[in-house]
Structures are given as structure tokens and as C-alpha cells.
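Just so you know, these numbers use all the heavy atoms, side chains as well, and skip hydrogens, waters and symmetry mates.
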Amino acid sequence: QLQAFGGGLVQAGGSLRLSCAASGRTFSSYAMAWFRQAPGQERAFVAGVNWDGANTYYSESVKGRFTISRDNAKNTVYLQMNSLKPMDTAVYYCAADRTFGLTYLEEHYDYWGQGTLVTVSS
């Protein structure tokens, strides 16, 4: 029900925009987030947005470089990634939370996309 896409290979300093499209149900009342999992590491919170887009939250490692946004009319969430670094290389997952609101805790999210790979070369 969540499909993430937009990943790819980019050079350090470049930009990518990820999209997460929802289908089968409307996620307009859900908090949404992006997580990522780098090779050999656990999945980690990247950015989150509340149901109407008014509030956002970022991990310290991406603050000032990434921007999360949503378009509820399109049932889609975005992650604009600028000034990319090799350390940003990971599989990126989108997730939806229907209960807890804006949260960085992975266990609070009910629905997950399949992931999209972002590779940043140095």
C-alpha cells in the first residue's frame, strides 16, 4: 500500500527526491516518515511529518539538508535530499503511523513501503 521510488546513483553534493505513493487507503490522517538502512546497520529514522504537513522532525544527521513534505490530495509524501554525502547511502523506506502522531520510533509505524536504494558516490 506504500510504494517508495526515486532512488538512484548520485555524486556527493548532488540531490535526489524520493516519493512515497499510497494506494488502497487514504493516509491523509496518518503521520508519515522516512527511515533508512545502510549496509550492516539497523534501520534508522530520517524524517517525519504530521498529518497535515504543519510539523516536521529530522534526525541530526540530515537536518538542514533534507526536507520532508506531503501532498494529501495526491496521497504522496516526498523527501527532498540535497548536499548528499556518501554516508547517506542506504535503502530508504517510507512508513505511516495511524496512532502516535509524529514519532521517530520505528515500532510506532503500521505500514511500510518496500524501500528504494540511494547510492552516493564520493
Check: [X]/[Y] side-chain N/O donor and acceptor closer than 3.5 Å:
| X | Y | value |
| --- | --- | --- |
| R98 | Y30 | no |
| Y111 | R25 | yes |
| S15 | N82 | yes |

Heavy-atom closest contact ([X] atom, [Y] atom, distance):
| X | Y | result |
| --- | --- | --- |
| V62 | V46 | CG2-O, 3.5 Å |
| R36 | S61 | NH2-OG, 3.4 Å |
| L2 | A22 | CD2-CB, 3.7 Å |
| A12 | S122 | CB-CA, 4.3 Å |
| M32 | C20 | CE-SG, 4.4 Å |
| S121 | L9 | CB-CD1, 4.3 Å |

[X] versus [Y]: any side-chain heavy-atom pair under 4.5 Å?
| X | Y | value |
| --- | --- | --- |
| R65 | M81 | no |
| R17 | S69 | no |
| V118 | D88 | no |

Quick one: [atom1] on [X] to [atom2] on [Y], what's the gap to the nearest 0.5 Å?
| X | Y | atom1 | atom2 | value |
| --- | --- | --- | --- | --- |
| W51 | D97 | CH2 | CG | 14.5 Å |
| S28 | K74 | OG | NZ | 15.5 Å |
| Q1 | T26 | CD | OG1 | 11.5 Å |
| T56 | F66 | OG1 | CZ | 14.0 Å |
| D71 | S19 | CG | OG | 10.5 Å |

Going through the distances and angles, do F5 and L18 end up as a side-chain contact (heavy atoms from CB on, under 4.5 Å)?
-> CA-CA 6 Å; F5 55 95; L18 305 183; over 6 Å; no
Side chain T89, main chain P86, donor-acceptor under 3.5 Å | yes
Would you find a donor on one side and an acceptor on the other, under 3.5 Å apart, between the side chain of R70 and the backbone of N50?
-> yes
Could you name each residue pair satisfying salt bridge (Lys or Arg N to Asp or Glu O under 4.0 Å) that touches residues 40-63, not counting sequence neighbours?
-> R43-E106, E60-K63
Y78: hydrophobic cluster co-members (side-chain, 4.5 Å) | none
Mind checking who shares a hydrophobic cluster with L105, ILVMFWY linked at side-chain heavy-atom distances under 4.5 Å?
-> F35, F45, Y57, V91, Y93, L102, Y104, Y109, W112, L117
Test log, rule side-chain contact (heavy atoms from CB on, under 4.5 Å), inputs V77 and C94 = CA-CA 8 Å; V77 176; C94 60; 5.9 Å; no
May I have the step-by-step check of side-chain contact (heavy atoms from CB on, under 4.5 Å) for F27 and N72, ending in yes or no?
-> CA-CA 8 Å; F27 286 89; N72 285 341; over 6 Å; no
